[in-house]
Amino acid sequence: MNQPIESNYLECTRSLFQYYKNLGERAMEQVDASQVNKRFSDQGNSIAVIVGHLSGNMLSRFTDFLTADGEKEWRQRDAEFETSFEDKTSMLAAWTKGWDCVFQALDSIGDADLQRIVYIRNEGHTVLEALQRQLAHYAYHIGQLVFVARELAGADWTSLTIPKNQSDSFNQEKFAKEKSQTFFTDGNK
């Protein structure tokens, strides 16, 4: 049964946020606690810095998402790039706190809200535009996080998507199944 485009959009957006959350978590699982603050250069970001920035952004953007500017007065964005965590557990707690805020806000948005205007630094966005903006921002930084984790894990890295040189077998498995309508994140890599 076809659902209204607004409902489909919200469902797909939630699925993509969840996909990127899971991707980041699966990457961080492959890194030792002693590695989360490792930077490859003075200008580079460690996994901890990326997590600190993402968490700060999530809390700022999604706290009172429909009613307050997405850049909160209490946010210290520049400090996010100096973040280090005492341990991996506290880093993951910040990660979880940010994502909890995102999903609570998403759960409060209805189809009729997508055309509402919300502000980020006094710039108006429809809710749909603001969600797209944040989804792209988080995908960008989680890609960085995955890259850093992969470099740190080295030969012990386990692929998070289709492993190198296994595209043909992956495609054969997919094409051996009947056509169906599903979202690519449902049970897939």
Side-chain angles (χ1 to χ4, degrees), residues 3-29 36 43-83 85 90-150 160-161 182-186 188-189:
Q3 63 185 156
I5 189 118
E6 296 85 0
S7 297
N8 181 254
Y9 171 79
L10 287 169
E11 184 179 312
C12 290
T13 298
R14 190 177 211 297
S15 293
L16 283 169
F17 276 117
Q18 187 65 55
Y19 172 78
Y20 285 109
K21 177 184 182 285
N22 293 345
L23 197 67
E25 289 170 355
R26 291 173 51 218
M28 288 186 286
E29 287 171 1
V36 298
Q43 296 301 311
N45 292 327
S46 66
I47 290 172
V49 166
I50 296 167
V51 169
H53 172 59
L54 284 169
S55 180
N57 181 278
M58 291 171 181
L59 294 171
S60 184
R61 294 293 185 267
F62 286 98
T63 298
D64 301 324
F65 177 70
L66 293 173
T67 58
D69 194 283
E71 187 65 17
K72 305 298 186 284
E73 290 182 20
W74 45 258
R75 183 178 183 203
Q76 299 295 315
R77 184 183 179 281
D78 291 338
E80 294 165 9
F81 292 96
E82 301 303 322
T83 302
F85 288 93
S90 60
M91 180 189 75
L92 293 174
W95 173 265
T96 299
K97 185 177 180 180
W99 281 109
D100 286 349
C101 188
V102 170
F103 290 118
Q104 287 171 5
L106 287 173
D107 290 344
S108 74
I109 299 168
D111 294 357
D113 292 319
L114 290 176
Q115 293 301 315
R116 282 180 65 173
I117 301 299
V118 295
Y119 293 89
I120 301 172
R121 297 183 184 104
N122 269 352
E123 295 176 350
H125 299 64
T126 64
V127 166
L128 188 146
E129 291 167 340
L131 292 175
Q132 289 294 106
R133 174 179 173 164
Q134 294 316 117
L135 184 58
H137 184 221
Y138 301 162
Y140 169 78
H141 284 301
I142 291 168
Q144 292 174 331
L145 187 153
V146 169
F147 177 80
V148 172
R150 183 177 178 185
L160 303 179
T161 57
T182 184
F183 198 70
F184 85 98
T185 63
D186 295 341
N188 295 315
K189 286 187 173 183

Could you tell me which non-hydrogen atom of [X] sits nearest to which non-hydrogen atom of [Y], and how far apart they are?
{"X": "Asn45", "Y": "Val148", "result": "O-CG2, 3.9 Å"}
{"X": "Ala48", "Y": "Phe85", "result": "O-CE1, 3.4 Å"}
{"X": "Phe17", "Y": "Leu131", "result": "CZ-O, 3.9 Å"}
{"X": "Ala130", "Y": "Ile120", "result": "CB-CD1, 4.5 Å"}
{"X": "Leu66", "Y": "Val118", "result": "CA-CG1, 4.0 Å"}
{"X": "Ala27", "Y": "Ala149", "result": "O-CB, 3.7 Å"}

Does atom CG of Asp78 have more than 12 heavy-atom neighbours, drawn from other residues, nucleotides or ligands, at distances under 6.0 Å?
->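 Check fails, neighbour count at 12 or below.
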
Crowded around Lys72 NZ? As in, over 12 foreign heavy atoms under 6.0 Å?
->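 More than 12 heavy atoms, drawn from other residues, nucleotides or ligands, come within 6.0 Å of this atom.
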
For the residue pair Phe62 and Tyr138, categorise the inter-ring angle as parallel (less than 30°), tilted (30 to 60°) or perpendicular (more than 60°).
->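 Judged by the thresholds at 30° and 60°, the geometry between Phe62 and Tyr138 is tilted.
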
Could you check whether the rings of Trp99 and Phe103 sit parallel, tilted or perpendicular, using 30° and 60° as the cut-offs?
->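 Parallel, since the angle between the ring planes stays under 30°.
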
Nearest 0.5 Å please: distance from the [atom1] atom of [X] over to the [atom2] atom of [Y].
{"X": "Arg75", "Y": "Asp69", "atom1": "CZ", "atom2": "CG", "value": "11.5 Å"}
{"X": "Ile142", "Y": "Asn22", "atom1": "CD1", "atom2": "CG", "value": "9.5 Å"}
{"X": "Glu80", "Y": "Leu59", "atom1": "CD", "atom2": "CG", "value": "9.0 Å"}
{"X": "Tyr140", "Y": "Gln144", "atom1": "OH", "atom2": "CD", "value": "4.5 Å"}
{"X": "Glu25", "Y": "Gln18", "atom1": "CD", "atom2": "CD", "value": "7.5 Å"}
{"X": "Leu114", "Y": "Glu6", "atom1": "CG", "atom2": "CD", "value": "6.5 Å"}

Is a side-chain donor or acceptor of Ser55 paired with a backbone partner of Gly52 at a separation under 3.5 angstrom?
->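 Not at all, since once roles are kept as given, no pair shorter than 3.5 Å links the two residues.
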
Are [X] and [Y] packed together at the side-chain level, in the sense that at least one heavy-atom pair is separated by less than 4.5 angstrom?
{"X": "Phe65", "Y": "Asp113", "result": "no"}
{"X": "Leu128", "Y": "Gln132", "result": "yes"}
{"X": "Arg61", "Y": "His137", "result": "no"}
{"X": "Gln134", "Y": "Val102", "result": "no"}
{"X": "Asp100", "Y": "Met58", "result": "no"}

What's the verdict on side chain to side chain contact (heavy atoms under 4.5 Å, CB included) for Phe147 and Ile50, showing C-alpha distance, side-chain angles and the deciding distance?
-> CA-CA 11 Å; Phe147 177 80; Ile50 296 167; over 6 Å; no

From CA spacing to verdict: side chain to side chain contact (heavy atoms under 4.5 Å, CB included), Met91, Ile47 = CA-CA 9 Å; Met91 180 189 75; Ile47 290 172; 4.0 Å; yes

